[in-house]
Amino acid sequence: MNINAFSLEGKVALVTGASYGIGFAIAKGMAQCGATICFNDINQELVDKGIAAYKAEGIEAHGYVCDVTDEEAVQALVAKIAAEVGVIDILVNNAGIIKRIPMCEMSAADFRKVIDVDLNAPFIVSKAVIPAMIEKGHGKIINICSMMSELGRETVSAYAAAKGGLKMLTRNICSEYGEHNIQCNGIGPGYIETPQTAPLRERQPDGSRHPFDQFIIAKTPAARWGTTDDLVGPAVFLASDASNFVNGHVLYVDGGILAYIGKQP
Ligand code: NAP
Ligand code: GCO
């Protein structure tokens, strides 16, 4: 095997919603493997914080304000990156939101908002980058899926519907564009310590662990929450030449949750 297969030297990566959290960790790891990092976030304050955070890691990242649900803005972002940095070789559809509301109490507007960011946006951004990938003769698209691409749970109906759809969008991009040497795969993180899951890990008034925190520990063979660093190696693999014959796959990085019935209480 060519040991440089995992190198991302000379590649331009766009990681959406990557001022912090999972996106930031993946982008940092890709930069450490040689990629030039472009990222966007929803407002200038976040982008500025992100640029400073990358700089603190020795990474000169290119940050842009862009709402991934706005097709016109996304098209303009991709064109701006091509002009200023280079044609995008690697896209990580990371930006996402969740609203934890019992389904029958959830407004259609809230449901639509989650679908818009978590499913419509990966379609919009992928559609914007694929033509130049075809022209270039290669491309990598990584969709950040979820346990909820496979499982449901109370209060996350919109999120599960979106992430289930994102798994199928991943398979469809593979099907439609694989012949152009574009590989589209998913990463399905387990439960990861980020701001998005902070409410599920808050200590109780008596200092004990949150019930959901204890639940996840019992459901995870690794008996721990994941960290954003756990996702970096899988992301670099799927962004590199080492995975050129891997397509339409969702790689679950979940500490074994999907394989395990859970520890007996
Ligand atoms: P996070 O901490 O909430 O970060 C999400 C990022 O996306 C934030 O920077 C957010 O900006 C940005 N964003 C939201 N809406 C956007 C929009 N319309 N346009 C541009 N950027 C937008 O989430 P995370 O935990 O790092 O998760 C990142 C991805 O992994 C998400 O797709 C999530 O569903 C998925 N995931 C997370 C976990 C987990 O356990 N944490 C597990 C599985 C999958 P704002 O700060 O303005 O909201
Ligand atoms: C939740 C969590 C999960 C994680 C992740 C699991 O409320 O159940 O937020 O949805 O974010 O998606 O893979």
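One-based numbering, in listed order, for ligands and for the atoms of each. Numbers for residues simply follow the sequence, beginning at 1. Fair warning: this is a prediction, and the values are worked out from it, not measured in the lab.
Annotation: atom 5 (C) of ligand 2 to nearest protein heavy atom, Ser146 OG, 3.6 Å. Here the protein heavy atom with the shortest distance to atom 10 (O) of ligand 2 is Tyr159 CE2, 3.2 Å. At the shortest separation from atom 8 (O) of ligand 2 among protein heavy atoms lies Arg153 NE, 2.6 Å. Ranking the protein heavy atoms by distance from atom 9 (O) of ligand 2 puts Arg100 NH2, 2.6 Å first. Remark: minimum distance from atom 3 (C) of ligand 2 to any protein heavy atom is reached at Tyr191 CE2, 3.4 Å. Among all protein heavy atoms, the one lying closest to atom 11 (O) of ligand 2 is Gln196 OE1, 2.8 Å.
Counting only distance, with no hydrogens or angles, the side chain of Ser149 and the backbone of Cys145 share no donor-acceptor pair below 3.5 Å. A donor-acceptor pair is defined here as one N or O able to donate and one able to accept, closer than 3.5 Å; such a pair exists between the side chain of His210 and the backbone of Phe212. Proximity of a side-chain donor or acceptor of Thr220 to a complementary backbone N or O of Ala223 within less than 3.5 Å is not detected.
Side-chain contact check for Tyr64 and Glu84: at least one donor-acceptor pair (N or O, by modelled atom type) lies under 3.5 Å. For Lys140 and Asn185, the side-chain atoms include no donor-acceptor pair closer than 3.5 Å. There is no side-chain donor-acceptor pair under 3.5 Å between Tyr177 and Gln183.
Of all the heavy atoms in Leu238 and Ser243, the pair that sits closest is O-OG, 3.2 Å. The shortest non-hydrogen separation linking Asn247 to Gly178 is ND2-CA, 3.8 Å.
In this structure, Lys127 pairs ionically with Glu71, as a charged nitrogen and a carboxylate oxygen lie closer than 4.0 Å. The pair Lys219-Asp254 does not meet the salt-bridge criterion, since no charged nitrogen lies less than 4.0 angstrom from a carboxylate oxygen. A salt bridge links Glu60 to Lys55: at least one charged side-chain nitrogen sits closer than 4.0 Å to a carboxylate oxygen.
For an aromatic pair to be called close, the ring centres must be under 6.0 Å apart, and Phe24 with Phe39 fails this.
In summary, the atoms of ligand 2 found under 4.0 Å from a heavy atom of Met147, numbered by their order in the structure, are 6 (C), 13 (O). Atoms of ligand 2 lying under 4.0 Å from any heavy atom of Met148, numbered from 1 in the order shown and given with element: 10 (O). Residue Val156 approaches ligand 2 through these ligand atoms, each under 4.0 Å from one of its heavy atoms: 7 (O).
Using a 4.0 Å cut-off between heavy atoms, Ile98 contacts ligand 2 through its side chain alone, with no backbone atom that close. Residue Lys163 does not touch ligand 2, judged by heavy-atom distances below 4.0 Å. Within the 4.0 Å heavy-atom criterion, neither part of Ile192 lies near ligand 2.
For the residues Ala198, Gly96, Cys145, Pro189, the heavy atom positioned nearest atom 13 (O) of ligand 2 is part of Pro189.
At most 12 heavy atoms of other shown residues, nucleotides or ligands fall within 6.0 angstrom of atom NZ in Lys49.
Within 4.0 Å of ligand 1, the residues that place a heavy atom are Gly17, Tyr20, Gly21, Ile22, Asn40, Asp41, Ile42, Leu46, Cys66, Asp67, Val68, Asn94, Ala95, Gly96, Ile97, Val117, Ile144, Cys145, Tyr159, Lys163, Pro189, Gly190, Tyr191, Ile192, Thr194, Pro195, Gln196, Thr197, listed by chain and number.
Inclusion of Leu200 in the set of residues having an N or O under 3.5 Å from an N or O of ligand 2 is not warranted.
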